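Take a look at the structure below.
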Amino acid sequence: LGMFSELKFPVPWGHVAAKAWGPLEGRPVLCLHGWLDNANSFVKLIPLLPRGCYYVAMDFSGHGLSSHRPAGCPYHFLDYVTDVRRVADALQWRRFTLMGHSMGNFSFSYYFISPQFCFLYPEMVDKLILLESLGFLLAPEDTEAWLKSKRRVIDRLLSLEAKEQTPKARSPEAALQRLLEANSHLTAEGGAILLQRGATETPAG
């Protein structure tokens, strides 16, 4: 398991980088590094682990060889969880083992990325391995609401990214109609005022 390959997964602001060891057809294991670390955290550990697995250690956004988020964008804990989902989707992994260390368990907001992902997407994780972690603690009465709201945020974001395309050109009248359909509280006059600043005129519309 000494040999490795470098991977890159496209994201809207650049790419997420990763390092991979083992056979492609091996049991999938996604490795999440710790606070201010990167995928190289696992360089000494991977050769000691069972062979027959395909280990992918990702660099979180802004770490290692991964692209930084645009200037002024914070690195929120849920963004890291979404990065994990992006990488799993890019690898076409429907079920895999998750191994997290330190920040891979513990993030800026005192939440835990690996257990949090497992909690949000239990159908995708067959085993959870935590290195130097306390686990993910959430009051029982908060569990269902937290789960629904956070998963909805991630799923909607990834769905929008998958559908991303060149904005459609419409006539001013059609643009106003679309705006009013999406915002039932707006009057036609209010919609027209918003469109003066909210739409860009092109030769096509």
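Note that this is a predicted model, so its numbers are computed, not measured.
- Minimum interatomic distance between Ala18 and Glu6 (heavy atoms only, all atoms of both residues): O-OE1, 3.3 Å.
- At least one side-chain heavy atom of His101 sits less than 4.5 Å from a side-chain heavy atom of Asp37.
- Listed for the Ser159 side chain is no donor-acceptor partner under 3.5 Å among the backbone atoms of Asp155.
- Taking a 6.0 Å sphere around CD of Gln92, one finds it holds 12 or fewer heavy atoms contributed by other residues, nucleotides or ligands.
- Of all non-hydrogen atoms in Ala20 and Val56, the two that sit nearest each other are CB-CG2, 4.1 Å.
- Under the 4.5 Å side-chain criterion, counting only non-hydrogen atoms from C-beta, Thr97 is not in contact with Tyr55.
- No more than 12 heavy atoms of other residues, nucleotides or ligands sit less than 6.0 Å from atom CZ of Phe4.
- The aromatic rings of Phe117 and Tyr121 sit tilted, their planes meeting at an angle between 30° and 60°.
- Taking the six-membered ring where tryptophan is involved, the planes of Phe60 and His33 are perpendicular, since the angle between them exceeds 60° and thus also 30°.
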message: Run Asp89 and Arg86 through salt bridge (charged side-chain N to carboxylate O under 4.0 Å, His left out) and show every step you take.
response: CA-CA 5 Å; Asp89 288 351; Arg86 284 189 178 97; over 6 Å; no
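- Side-chain heavy atoms closer than 4.5 Å link hydrophobic residues (I, L, V, M, F, W, Y) into clusters, and following such links, possibly through other members, connects Leu7 to Leu24.
- A distance of 7.5 Å separates CG in Leu49 from SG in Cys31, rounded to the nearest 0.5 Å.
- With rounding to the nearest 0.5 angstrom, the NZ atom of Lys127 is 4.0 Å from the CZ atom of Arg27.
- Annotation for Leu128 and Val125: closest pair N-CG1, 4.4 Å, computed over non-hydrogen atoms.
- No more than 12 heavy atoms of other residues, nucleotides or ligands lie within 6.0 Å of CZ in Arg178, so this atom counts as exposed by the packing criterion.
- Hydrophobic clustering, with ILVMFWY side chains joined whenever heavy atoms are under 4.5 angstrom apart, groups Trp93 together with Leu120.
- Counting heavy atoms from C-beta outward, Tyr54 and Glu25 have side chains that stay 4.5 Å or more apart.
- When all heavy atoms of Tyr75 and Gly62 are compared, the closest pair comes out as OH-CA, 3.8 Å.
- A donor-acceptor pair is defined here as one N or O able to donate and one able to accept, closer than 3.5 Å; such a pair exists between the side chain of Thr82 and the backbone of Leu78.
- Under a 3.5 Å cut-off, the side chain of Ser114 and the backbone N or O of Met99 do not form any donor-acceptor pair.
- A donor-acceptor pair under 3.5 Å links the side-chain atoms of Arg95 to the main chain of Glu123, judged by distance alone.
- When hydrophobic clusters are built by joining Ile, Leu, Val, Met, Phe, Trp and Tyr residues whose side-chain heavy atoms come closer than 4.5 Å, directly or via intermediates, Leu91 is grouped together with Val11.
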field: Test log, rule salt bridge (charged side-chain N to carboxylate O under 4.0 Å, His left out), inputs Glu181 and Arg170
entry: CA-CA 14 Å; Glu181 287 171 3; Arg170 309 170 191 266; over 6 Å; no
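- The shortest non-hydrogen separation linking Trp21 to Ala39 is CH2-O, 4.2 Å.
- Closest non-hydrogen pair, Pro74 versus Arg69, comes out as O-CD, 4.0 Å.
- Cluster annotation: Met58 and Leu157 are assigned to distinct hydrophobic clusters (Ile/Leu/Val/Met/Phe/Trp/Tyr, side-chain heavy-atom contacts under 4.5 Å, transitive).
- Linking ILVMFWY side-chain heavy atoms closer than 4.5 Å, directly or via other members, places Leu65 and Val84 in two distinct hydrophobic clusters.
- A salt bridge does not link Asp59 to Lys19: none of the charged side-chain nitrogens sits closer than 4.0 Å to a carboxylate oxygen.
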Could you list the donor-acceptor pairs under 3.5 angstrom formed by side chains in residues 183-197, with sequence neighbours left out?
unit_1: Asn183; atom_1: ND2; unit_2: Leu179; atom_2: O; d: 3.0
unit_1: Thr187; atom_1: OG1; unit_2: Gly190; atom_2: N; d: 3.0

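- Between Trp13 and Ser61, the closest side-chain pair of non-hydrogen atoms falls below 4.5 Å.
- Taking 4.5 Å as the limit, every side-chain heavy atom of Asp83 sits out of range of all side-chain heavy atoms of Ser66.
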